[in-house]
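Given the structure is predicted, the values throughout are model-derived calculations rather than measurements. Numbered from 1 within each chain, the chains take letters A, B, ... in sequence-line order.
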2 protein chains.
Amino acid sequence: MPRPREFEPDAVVDQAMLRFWWRGYRATSVEDLVKATGVKPGSLYSAFPGGKHALFLRSLERYSKLIVPQKLGELAASGASLAALRGYFDGLVHDLLSPEGRQGCLLVNTAIENAAEDDEAAAVVRGHLARLEQCMTTALRNALDAGEVRASVDPAGSAKVLVATCQGLMVVGKANPDATVLRAIVDNAFAVLV
Amino acid sequence: MPRPREFEPDAVVDQAMLRFWWRGYRATSVEDLVKATGVKPGSLYSAFPGGKHALFLRSLERYSKLIVPQKLGELAASGASLAALRGYFDGLVHDLLSPEGRQGCLLVNTAIENAAEDDEAAAVVRGHLARLEQCMTTALRNALDAGEVRASVDPAGSAKVLVATCQGLMVVGKANPDATVLRAIVDNAFAVLV
DNA sequence: AAGATACATGAGCGACCATTCAAGAACAAG
DNA sequence: CTTGTTCTTGAATGGTCGCTCATGTATCTT
């Protein structure tokens with residue numbers, strides 16, 4: 001009976017996610033989203049009740065499920081060890097130094113821009129941090145078992161620090177996308193482990 | 001000859017700084033600033049040519065000169081050592097957990113919100129990061145001399161990591177202002193030094 | 001007292017914001 | 001082909017944005 005929808009909602013979320021990622025929530029207008037997706041306001045609002053904010057939350061979820069695993073790479077695997085952990089940090093630095101990756105991490109940006117006044121967004125960020133910490137703990141535990149790190153390293157504790165360090169790497173990278181600076185941070189963060 | 005100004009420009013910058021600190025640049029409207037300072041738009045714009053953005057840059061400078069030294073505390077002293085360094089981190093955690101400190105650091109927030117599209121703001125942030133790194137390097141060097149940290153600690157290198165870690169602490173604290181989480185980060189960051 | 005000068009005031013500017021809605025269009029069922 | 005249902009469209013909503021400017025006011029000089 002009904003007229004079929006002419007656009008793919010997931011594709012709209014993808015485009016919205018990219019905009020929010022690059023420019024932030026407040027700086028991205030609905031008009032921006034309309035231009036980016038080709039979907040007119042009326043259709044947007046009927047497909048996504050809750051408007052801009054709902055689309056933002058969908059974008060965060062989408063980012064978590066699409067982009068985060070891609071960035072985690074081997075670190076997400078249960079067998080991940082020191083090389084995978086180091087690879088994750090090197091990937092972050094590489095991204096921050098490339099024109100396509102300067103926007104950093106959508107969830108870090110959201111933590112700073114929205115977490116204080118948007119509980120739902122903050123919850124997604126917390127989920128991300130917990131997941132990251134868990135991956136890093138696993139990798140460090142594997143590394144410890146394999147003798148890749150000092151025996152005195154506490155996997156759970158070091159994982160907490162490394163989570164904070166990689167969030168900080170994003171902050172520094174945004175203000176100062178300099179290869180020497182960022183690589184020095186990563187090198188020294190790992191130096192204390194071996 | 002002229003009619004004297006009825007407000008103190010520095011006091012206006014102070015109020016503006018507080019607003020930008022709490023809500024961010026984009027979320028703070030000129031109307032907010034007018035309400036907060038009691039200075040009407042016309043007077044604001046004649047006292048601060050360049051409008052909102054100029055006032056923002058003035059706020060960043062003001063924050064650097066007024067708030068940062070206060071937060072650095074003993075860490076800014078040339079004789080600072082491990083206790084001062086630890087005290088700085090404990091202070092950050094304390095602030096993030098208190099209602100008056102939840103906004104984090106204006107310069108970290110600015111790095112994420114504005115650095116990518118505002119070179120002048122990014123420059124202020126870079127200056128802050130450099131200063132922080134220098135203070136931490138000095139403190140670590142003193143700590144090394146005093147035998148407060150392992151002999152294998154590289155003051156300059158560890159300072160770079162600690163700068164990133166404390167920026168990351170702000171990010172985590174914004175999304176998850178939990179005492180256990182934040183203290184664990186600090187504890188473990190310092191555990192590797194001794 | 002009069003003039004000169006800078007400041008204070010707040011209504012108002014065009015632009016843009018997120019959002020809504022009336023109207024037309026495309027499909028499936030009958 | 002007609003009808004019913006949902007979708008698309010884009011103009012229009014009231015509101016807010018950063019900012020300006022004409023007008024009035026307070027002070028210092030003469």
Side-chain angles (χ1 to χ4, degrees), chain A residues 1-60 109-110 113-114 117-121, chain B residues 1-60 106 109-110 113-114 116-121:
Chain A
M1 267 148 143
R3 172 177 179 179
R5 188 167 268 141
E6 292 180 4
F7 59 90
E8 192 61 49
D10 276 351
V12 169
V13 175
D14 282 349
Q15 287 300 314
M17 180 202 74
L18 289 173
R19 296 280 150 172
F20 289 132
W21 192 1
W22 273 98
R23 306 249 299 137
Y25 178 68
R26 280 200 136 86
T28 302
S29 70
V30 174
E31 198 191 344
D32 287 337
L33 300 174
V34 166
K35 274 185 195 153
T37 61
V39 177
K40 302 293 179 290
S43 297
L44 248 190
Y45 277 82
S46 82
F48 301 96
K52 183 185 173 183
H53 185 252
L55 208 32
F56 178 58
L57 293 178
R58 292 277 301 265
S59 296
L60 294 182
N109 301 351
T110 298
E113 190 192 352
N114 308 294
E117 34 191 13
D118 185 340
D119 286 341
E120 296 173 290
Chain B
M1 283 151 172
R3 174 180 179 178
R5 189 168 268 142
E6 291 179 7
F7 58 90
E8 193 60 49
D10 276 352
V12 170
V13 175
D14 283 349
Q15 285 302 312
M17 181 202 72
L18 288 174
R19 297 279 150 174
F20 289 132
W21 192 2
W22 274 97
R23 304 249 298 137
Y25 178 68
R26 281 202 138 87
T28 302
S29 70
V30 173
E31 197 191 345
D32 289 337
L33 299 174
V34 167
K35 275 183 194 154
T37 61
V39 177
K40 303 292 179 288
S43 298
L44 249 190
Y45 278 83
S46 81
F48 300 96
K52 183 185 174 184
H53 184 253
L55 210 31
F56 178 59
L57 293 178
R58 291 278 300 265
S59 296
L60 295 182
L106 173 58
N109 300 352
T110 299
E113 190 192 352
N114 308 294
E117 33 191 15
D118 185 341
D119 286 341
E120 297 174 288

Once you round it to whole Å, what is the distance between [atom2] of [N] and [atom1] of [X]?
X: B/E31; N: D/dC17; atom1: CD; atom2: P; answer: 6 Å
X: A/H53; N: C/dC17; atom1: NE2; atom2: C1'; answer: 17 Å
X: A/F56; N: C/dC17; atom1: CZ; atom2: C1'; answer: 17 Å
X: A/K52; N: C/dC17; atom1: NZ; atom2: C1'; answer: 8 Å
X: B/R19; N: D/dG18; atom1: CZ; atom2: P; answer: 14 Å
X: B/Y25; N: D/dC17; atom1: OH; atom2: P; answer: 13 Å
X: B/L55; N: D/dC19; atom1: CG; atom2: C1'; answer: 13 Å
X: A/L33; N: C/dT19; atom1: CG; atom2: P; answer: 10 Å

**Asked** If you round to the nearest 0.5 Å, how far is CG of B/L60 from CE of B/M17?
**Response**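 Taking CE in B/M17 and CG in B/L60, the distance rounds to 10.0 Å.
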**Asked** From A/L18 CG over to A/W22 CH2, what is the distance, rounded to the nearest 0.5 angstrom?
**Response**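 Reported to 0.5 Å precision, the distance equals 9.5 Å.
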**Message:** Quick check: do A/F7 and A/V12 have side-chain heavy atoms less than 4.5 Å from each other?
**Reply:**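 The answer is yes; the side chains approach within 4.5 Å.
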**Message:** Tell me if the CD atom of A/E117 is crowded by more than 12 foreign heavy atoms within 6.0 Å.
**Reply:**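 Count over threshold, so yes.
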**Message:** Please encode protein proximity along nucleotides 1-11 of chain D as a string of B, S and -, counting only heavy-atom distances under 4.0 Å.
**Reply:** ---BBBBBBB-
**Item:** Any residue meeting salt bridge (Lys or Arg N to Asp or Glu O under 4.0 Å) with A/D118, in chain and number order, not counting sequence neighbours
**Value:**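 A/D118: no salt bridge (Lys or Arg N to Asp or Glu O under 4.0 Å) contacts found.
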**Asked** Can you check whether B/Y45 has a side-chain N or O nearer than 4.0 Å to OP1 or OP2 of D/dT20?
**Response**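 Checking D/dT20 against B/Y45, no side-chain N or O comes under 4.0 Å of OP1 or OP2.
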**Distance under 6.0 Å and angle within 45° of ring axis: A/K52 vs A/Y25** =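 So A/K52 does make the cation-pi contact.
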